[in-house]
> 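Structure incoming, see below.
Lettering follows sequence order; numbering is per chain, from 1.
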Amino acid sequence: MNLKEKIKSFTAEAVEKVYGEKLDFIPLLYPDQKSFGDYATSSAMVLAKKLKKNPKEIAAALAQELGKREEFEKVEVAGAGFVNFFLGNEFINSELLNVLENVDYGKNDSLKGRKILLEFVSANPTGPLHIGHGRWAAIGDTLARMLRFCGADVSTEFYINDAGNQINLLLQSVAAVKEGKEVPENGYHGAYIQELAAKEGDPVELLLETQKKTLLSFGVDFDRYFSEKELHQGGKVKDTLEFLKKSGYGYEKEGAFWFKSTEFGDDKDRVLVKSDGEMTYFAVDIAYHRNKISRNFNELITVLGADHHGYVKRMEAAVKVLCREVDKNINLSMVIGQLVNLFRDGEPVRMSKRTGDMISLDEVIEEIGVDAGRYFLVMRKADTPLDFDMGLAKKKSDENPVFYVQYAHARISGILRNYSGEIKKNLLEIVDSPESRDLAVELVKFPEAVEEAAASLEPHRIPIYLENLANLFHRFYHQNRVISEDREATEKRILLIQAARNIIRKGLFLIGVDSPEKM
RNA sequence: GCGCCUGUAGCUCAGCUGGAUAGAGCAACAGCCUUCUAAGCUGUGGGCCACAGGUUCGAUUCCUGUCAGGCGCACCA
């Protein structure tokens, strides 16, 4: 159990002990002022209504009870009825020793038993990946790392749309170039089509290999690349349509076969088989999800570009129907990633889909590097559009947050290189100044920061945590000389910055960014 | 017209299932390197949290409406 959860349960116990009441939710927050402690709860205000008592009185009684816990130096009542918790140095110190001894501090089993299929990117193999795919890749891969860190069993998957209309258009476009003819109006026109035409082999395979290579160079690999073609070949799509028919959620109308998604809140029913006998993409995707479910996952997560969000409702509907077949309740979560606007030093970078002259993810990685790329693409909440300035990402200055965090790591590494000596760690009280305390408390909050980020599927919280941590380290560094004549102080500070380095490394690892020893 | 997302400092954004005087970075201004990396630190200025109602002891947070922007609304993928 992480510290936050622990304090919540302490509070719940105190409430029960003093008032015999059970609260279904304990609000626990980080106060915005230092004088209000490290954590605070407003439970007394919630209880006040229920018990028809003065919130301050309740808070006082709770504080009295909670003050007995050895984790706290003091527990105070403040304001209209807040209970403020101040962590004790002894407790902080003992937690720091855990950080030092356990390289995987923060690793937990809060999501143990959850078998998750995480699908992301899933680009059509009809062209090179662009910056948007980069965002889904960075978000998806970070999610996978976070969820695993919290004990979930995660399989990552890239669904290859290697069948259907778009593929035909691609093949026609390449063939046209080969024969020296005009590319069809609705075909693909990018420069890469020319390159493909000059090469031997299946254009789809070639493009897929290029995409895989791009992703690998971005530090993103998948447990499985799932081919749409295989679904068709195995007759799985037809089976699925059969099932839908039997389930009562499929019906024939005007020569087409429809899915009754309106039963589940969709705007209209959706066509699965067109009147010309062709299956829609949606039909095939239902078959894919049926396959996912048959593989015994108990949770499905899909990272989806905002340009496909119209698709959410119908897929949720489909999964509900599919669940009935196996008599299980499988949750489908969609993480919608808003689009990326690319800039170069404030000027928008033109992206023309029609001519295919889009700047590719490869070019972006080449220009700004993997670290800055991944960092920038996960640092914003997925549901806000991202303004990505390549000029800024390249800058090695304080405008650039990724360097700020990495620099903290490099600085610590530099100090540690300068120090050689034994440390008797169990004898020491590490926290010995306001700055060291602030830094230490932040380190101890790492587990709950990761757990909350994972539980809410919000990878952007990791960079935010790291920037805050790096800031606290830099402040500590300026106020407290680490290596000095004072041997005891030196040892304490070495331990503290070692702990900080462990956490920064782990945090950067979770977003797939390197931790340089030197910069 | 309908649906989803967004609207917080000059700019880019945080704000944890409703809580205390709304935060950070950048930009601006003023300081700090004979000391472990100045890619850093300290300080100052800067806000009707888009707007209007509602629920509540308490709303940036929840509900309704309005306005603005993004993205979707096919027997395309």
> Using atom P of each nucleotide, how far apart are G10(B) and C51(B) to the nearest Å?
13 Å
> For nucleotides G47(B) and U60(B), find the distance between their C1' atoms and express it as a whole number of Å.
12 Å
> Taking for each residue the nucleotide of RNA chain B with the nearest heavy atom, is it R380(A) or D32(A) whose nucleotide lies nearer the 5' end?
R380(A)
> Of the non-hydrogen atoms in I368(A) and A393(A), which two are nearest, and what is the gap between them?
CD1-CB, 4.0 Å
> Which whole number of Å gives the distance between the C1' atom of C26(B) and that of C63(B)?
36 Å
> Could you tell me which residues satisfy ring-ring contact (aromatic ring centres under 6.0 Å, His included) with Y281(A), sequence neighbours excluded, listed by chain and number?
none
> Tell me the interatomic distance from N54(A), atom CG, to G58(B), atom P, rounded to whole angstroms.
16 Å
> Filter on salt bridge (Lys or Arg N to Asp or Glu O under 4.0 Å), then keep only pairs touching residues 252-263 of chain A, sequence neighbours left out; what's left?
K245(A)-E252(A)
> Should K381(A) be listed as having a side-chain N or O under 4.0 Å from OP1 or OP2 of G15(B)?
yes
> Is the ring pair Y159(A)/Y288(A) parallel, tilted or perpendicular, if the boundaries are 30 and 60 degrees?
parallel
> If we take the P atom in both U61(B) and U8(B), what is their distance in whole Å?
14 Å
> Test of understanding: with salt bridge (Lys or Arg N to Asp or Glu O under 4.0 Å), list the residues that count as partners of E451(A), not counting sequence neighbours.
none
> Report yes if at least one side-chain N or O of T384(A) is closer than 4.0 Å to OP1 or OP2 of A14(B); otherwise report no.
yes
> Would you indicate what Q406(A) reaches in the nucleic acid, counting non-hydrogen atoms under 4.0 angstrom: base, sugar-phosphate, or nothing?
nothing
> For R314(A), which residues count as a salt bridge (Lys or Arg N to Asp or Glu O under 4.0 Å) partner, sequence neighbours excluded?
none
> Can you tell me which residue pairs pass the salt bridge (Lys or Arg N to Asp or Glu O under 4.0 Å) test with a partner in residues 46-62 of chain A, sequence neighbours excluded?
E21(A)-K50(A)
> Report yes if the ring of F36(A) lies under 5.5 Å from the six-membered base ring of A20(B) with planes under 30°, and no otherwise.
yes
> Return yes if some donor-acceptor pair links the side-chain N/O of N108(A) with the main-chain N/O of S110(A) below 3.5 Å, else return no.
yes
> Could you work out the separation of U42(B) and A24(B) based on their P atoms and round it to a whole Å?
11 Å
> Please confirm whether Y407(A) and H474(A) have ring centers closer than 6.0 angstrom.
yes
> Under 4.0 Å, counting only non-hydrogen atoms across every strand here, what does A80(A) touch: a base, just sugar-phosphate, or nothing?
nothing
> Just say parallel, tilted or perpendicular for the rings of F259(A) and F264(A), cut-offs at 30° and 60°.
parallel
> May I have the distance from F343(A) (atom CZ) to C13(B) (atom C1'), rounded to whole angstrom?
14 Å
> Could you name each residue pair satisfying salt bridge (Lys or Arg N to Asp or Glu O under 4.0 Å) that touches residues 368-390 of chain A, not counting sequence neighbours?
D141(A)-R374(A)
> At a heavy-atom distance below 4.0 Å, what parts of residues 448-472 of chain A sit against RNA chain B?
E452(A), H460(A), I464(A), N471(A)
> What string of B, S and - do you get for nucleotides 68-77 of chain B, 5' to 3', if B is base contact, S is sugar-phosphate-only contact and - is no contact with any protein heavy atom under 4.0 Å?
---BSSSBSB
> When the C1' atoms of U35(B) and C48(B) are considered, how many whole Å apart are they?
49 Å
> Under the 3.5 Å rule, do the base of C16(B) and the side chain of K4(A) count as making a donor-acceptor pair?
yes
> Does F82(A) lie flat on the base of A20(B), that is, centres under 5.5 Å apart and planes under 30° off?
yes
> In whole angstrom, give the distance that lies between atom NE2 of H474(A) and atom P of G25(B).
12 Å
> From CE of M379(A) over to C1' of A24(B), roughly how many Å is that when rounded to an integer?
12 Å
> Would K74(A) count as a cation-pi partner of F86(A), with NZ or CZ less than 6.0 Å from the six-membered ring centre and within 45° of the ring normal?
yes
> Could you walk me through whether E435(A) and Y477(A) satisfy the side chain to side chain donor-acceptor pair (under 3.5 Å) test, starting with their C-alpha distance in whole Å, then the side-chain angles of each, then the deciding distance to 0.1 Å, before giving a yes or no?
CA-CA 9 Å; E435(A) 300 80 27; Y477(A) 170 90; over 6 Å; no
> D285(A) near the nucleic acid: base, sugar-phosphate alone, or nothing, with a heavy-atom cut-off under 4.0 Å?
nothing
> For C5(B), does the O4'-C1'-N9-C4 or O4'-C1'-N1-C2 angle fall within 90° of 0, making it syn, or is it anti?
anti
> For nucleotides 29-38 of chain B, list the nitrogen or oxygen atoms of the protein found under 3.5 Å from its nitrogen or oxygen atoms, one pair per line.
| from | atom 1 | to | atom 2 | distance (Å) |
| --- | --- | --- | --- | --- |
| U35(B) | O2' | R481(A) | NH1 | 2.5 |
| U35(B) | O2' | R481(A) | NH2 | 3.2 |
| C36(B) | O4' | R481(A) | NH2 | 3.1 |
| C36(B) | O2' | N418(A) | ND2 | 2.4 |
| C36(B) | O2 | I483(A) | N | 3.1 |
| C36(B) | N3 | V482(A) | N | 2.9 |
| C36(B) | N4 | Y477(A) | O | 3.0 |
| C36(B) | N4 | N480(A) | O | 3.2 |
| U37(B) | O2' | Y407(A) | OH | 2.1 |
| U37(B) | O2' | R411(A) | NE | 3.0 |
| U37(B) | O4 | A410(A) | O | 3.4 |
| U37(B) | O4 | M519(A) | N | 3.1 |
| A38(B) | OP2 | R411(A) | NH2 | 2.4 |
| A38(B) | OP2 | Y477(A) | OH | 3.3 |

> Treating a pair as Watson-Crick (purine N1 to pyrimidine N3 plus N6-O4 or O6-N4) or G-U wobble (N1-O2 and O6-N3) with both distances under 3.5 Å, list the stems of 3 or more consecutive pairs that involve RNA chain B.
B:1-7 with B:67-73, B:10-13 with B:23-26, B:28-32 with B:40-44, B:50-54 with B:62-66
> Can you tell me the distance, in whole Å, between the CD atom of E316(A) and the P atom of C4(B)?
12 Å
> When the distance from CE of M334(A) to C1' of G3(B) is rounded to whole Å, what number comes out?
15 Å
> If I pick the P atom on G18(B) and the same atom on A59(B), what distance separates them, to the nearest angstrom?
13 Å
> Spell out, as yes or no, whether a donor-acceptor pair under 3.5 Å connects the side chain of E367(A) to the backbone of G391(A).
no
> Round to a whole Å and report the spacing from CG of L28(A) to P of G19(B).
12 Å
> Can you list everything that forms a salt bridge (Lys or Arg N to Asp or Glu O under 4.0 Å) with K4(A)? Sequence neighbours excluded, please.
E452(A)
> Sticking with atom P, work out how far A50(B) lies from G7(B), rounded to a whole angstrom.
8 Å
> Given atom CG of L29(A) and atom C1' of G23(B), what is their separation to the nearest angstrom?
15 Å
> Identify, with sequence neighbours excluded, every residue that meets ring-ring contact (aromatic ring centres under 6.0 Å, His included) alongside Y30(A).
Y39(A)
